[in-house]
Amino acid sequence: MAVEELTARPAVLRARNAVTAVFAVNGFAASSWMSRIPEARDMLDVTPGQLGTLLLAISVGSITALPVAGGLVRRFGARAVVTGGAVLTAAGVACSGVGVGVLGEYWVTWIGLLLLGLGSGVWDVAMNVEGAAVERVLGRTIMPRFHAAFSSGTVAGAGGGAAAAAWSVPMPVHLSAVAVLVAVLPALAAPAFLREQHAEDGRAGGARKSWRAWAEPRTLVLGVMVLALALTEGTANDWLAIALVDGHGVPHWAGSAGFAVFLVAMTTGRVAGTVLLDRFGRLRMLWATMATAALGVLLLVFASWLPFVLLGAVLWGLGASLGFPVGMSAAADDPEHAAARVSVVSTIGYTAFLAGPPLLGYLGDHVGTLHALLVVAVLLIPSALAVPAAKPRQPQS
């Protein structure tokens with residue numbers, strides 16, 4: 001047995017590195033677009049409410065893709081789904097850049113963001129299922145580090161977007177270059193994933209297993225918890241740069257830089273979180289990070305001195321760091337049902353991205369974008385009641 005483990009270890013490490021790369025590219029794709037949101041808002045000349053509807057396209061695409069993503073992974077395997085999702089995401093990134101910067105057309109941009117959401121939705125489930133498989137084989141907590149790689153990708157995307165905005169690089173040029181990387185890199189990494197056994201799962205029995213997860217109370221409660229925590233993270237992705245520009249009067253590049261500060265803090269929390277989760281457990285760490293996120297939002301909204309505003313972004317990022325990865329690990333505790341349960345939890349969680357943009361946009365029209373962020377702190381209070389569902393449990397047949 002020891003010889004088999006020693007022989008298998010290089011393959012597991014290659015799979016770990018491949019999953020890390022795929023997570024990073026996924027984050028890079030999303031934040032490259034998000035970092036140009038203030039500029040896109042001005043070029044399309046839209047109100048906060050109209051911008052919320054535009055951003056809703058990503059969520060519509062993701063929500064459409066997520067319910068079927070588990071079945072696709074069971075049928076075709078994580079490698080194929082990640083590769084296909086990346087190509088679709090790349091097409092959406094390029095289309096959105098052309099929609100804003102070449103055509104100046106709201107609905108062309110909306111369609112591009114819809115494609116981005118469709119691609120990233122199936123990609124998200126597949127990479128989390130593969131990440132959970134690697135975590136189980138390694139026998140230690142590592143999922144937050146995969147999500148830290150995602151956050152590192154978002155930092156790179158946000159930093160590149162801020163630099164492109166500062167140097168007046170046209171959006172179509174910037175986002176087309178991003179699209180090429182997004183299409184190519186996952187295809188190079190995915191072949192190193194763990195060997196998959198998925199052919200018979202694609203039959204009718206596998207489909208029934210996928211839909212049966214929607215009737216499991218623990219899975220549904222996990223989904224509700226992830227929904228609130230996804231809103232905590234997603235609101236910053238969509239609105240933090242805008243809130244800094246509109247609410248605190250900073251220039252566009254500084255709004256993008258503030259978003260990058262949030263992402264650096266979230267990445268740091270995910271890197272450190274693996275050790276803290278193994279030491280203190282899922283439940284205590286989730287409650288602690290929820291409280292930290294709420295404090296960060298309050299400080300960012302109400303502070304008037306810019307260093308305190310940035311401290312709020314740091315605390316918000318740290319607080320948002322562990323919710324989504326821990327939710328994915330909890331959903332995948334049982335490898336037999338991992339794909340189905342991750343699909344369900346992701347679908348419910350991504351409802352935050354469906355409801356979040358129009359909700360924040362509507363509130364922004366009435367109270368301003370900055371004060372609309374307070375809805376995040378409010379929703380974290382009841383979501384703390386769902387945390388016990390994340391308690392680790394043994395696989396069941």
Side-chain angles (χ1 to χ4, degrees), residues 26-65 84-123 154 157-158 160-183 234-235 237-243 245-246 251-253 255-256 259 350 353-365 369 372:
N26 188 289
F28 178 76
S31 69
S32 293
W33 155 254
M34 292 169 182
S35 68
R36 303 301 294 264
I37 287 176
E39 185 178 351
R41 187 268 308 267
D42 291 348
M43 293 178 71
L44 294 173
D45 192 24
V46 293
T47 66
Q50 291 171 326
L51 179 60
T53 303
L54 181 65
L55 298 175
L56 179 64
I58 301 176
S59 303
V60 170
S62 295
I63 291 296
T64 302
V87 171
L88 191 56
T89 300
V93 170
C95 181
S96 65
V98 171
V100 173
V102 175
L103 303 177
E105 288 289 341
Y106 181 92
W107 289 109
V108 173
T109 308
W110 198 94
I111 291 171
L113 296 181
L114 177 70
L115 294 175
L116 192 162
L118 286 168
S120 62
V122 294
W123 181 356
T154 63
W167 296 336
S168 300
V169 176
M171 284 187 66
V173 174
H174 169 220
L175 295 182
S176 294
V178 168
V180 172
L181 294 175
V182 170
T235 297
N237 290 339
D238 289 341
W239 294 104
L240 180 55
I242 291 286
V245 171
D246 291 354
H252 286 170
W253 68 266
S256 296
F259 175 49
Y350 270 81
F353 301 122
L354 181 68
L359 172 62
L360 269 293
Y362 175 80
L363 292 174
D365 283 340
T369 304

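Among all heavy-atom pairs drawn from S62 and G117, the shortest one is OG-O, 3.1 Å. Here the closest non-hydrogen pair linking V108 and C95 is O-SG, 3.7 Å. The two residues G92 and L115 come nearest to each other via the heavy atoms CA-CB, 3.7 Å. N26 approaches W123 most closely through the heavy-atom pair ND2-CD2, 3.2 Å. Residue Q50 comes nearest to D45 through the heavy atom pair OE1-O, 4.3 Å, listed as atom of the first residue, atom of the second, then distance.
Between the CG atom of L51 and the CG atom of D365 there is a distance of 10.0 Å, given to the nearest 0.5 Å. The distance from the CD1 atom of I242 to the OG1 atom of T369 is 7.0 Å, given to the nearest 0.5 Å. For the atom pair T109 OG1 and M43 CE, the distance stands at 9.0 Å (nearest 0.5 Å).
Checked by atom type and distance alone, the side chain of S96 never pairs as donor or acceptor with a backbone atom of L113 at under 3.5 Å. Side chain of W110 to backbone of T53: a donor-acceptor contact under 3.5 angstrom is found.
Scored by the side chain to side chain contact (heavy atoms under 4.5 Å, CB included) test, V98 finds V102, L103 as partners (sequence neighbours excluded).
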Side-chain donor-acceptor distances from residues 30-37 under 3.5 Å, at least two apart:
from: S31; atom 1: OG; to: G27; atom 2: O; distance (Å): 3.2
from: S31; atom 1: OG; to: T154; atom 2: O; distance (Å): 2.8
from: S31; atom 1: OG; to: A158; atom 2: N; distance (Å): 3.4
from: S32; atom 1: OG; to: F28; atom 2: O; distance (Å): 2.6
from: S35; atom 1: OG; to: S31; atom 2: O; distance (Å): 3.3
from: S35; atom 1: OG; to: S32; atom 2: O; distance (Å): 3.0
from: R36; atom 1: NE; to: E39; atom 2: OE1; distance (Å): 3.0
from: R36; atom 1: NH1; to: H174; atom 2: ND1; distance (Å): 3.0
from: R36; atom 1: NH2; to: E39; atom 2: OE1; distance (Å): 2.6
from: R36; atom 1: NH2; to: E39; atom 2: OE2; distance (Å): 3.3
from: R36; atom 1: NH2; to: V169; atom 2: O; distance (Å): 2.9

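Partner of L118 under the side chain to side chain contact (heavy atoms under 4.5 Å, CB included) criterion, out of T64, T89, V60, I58: T64 alone.
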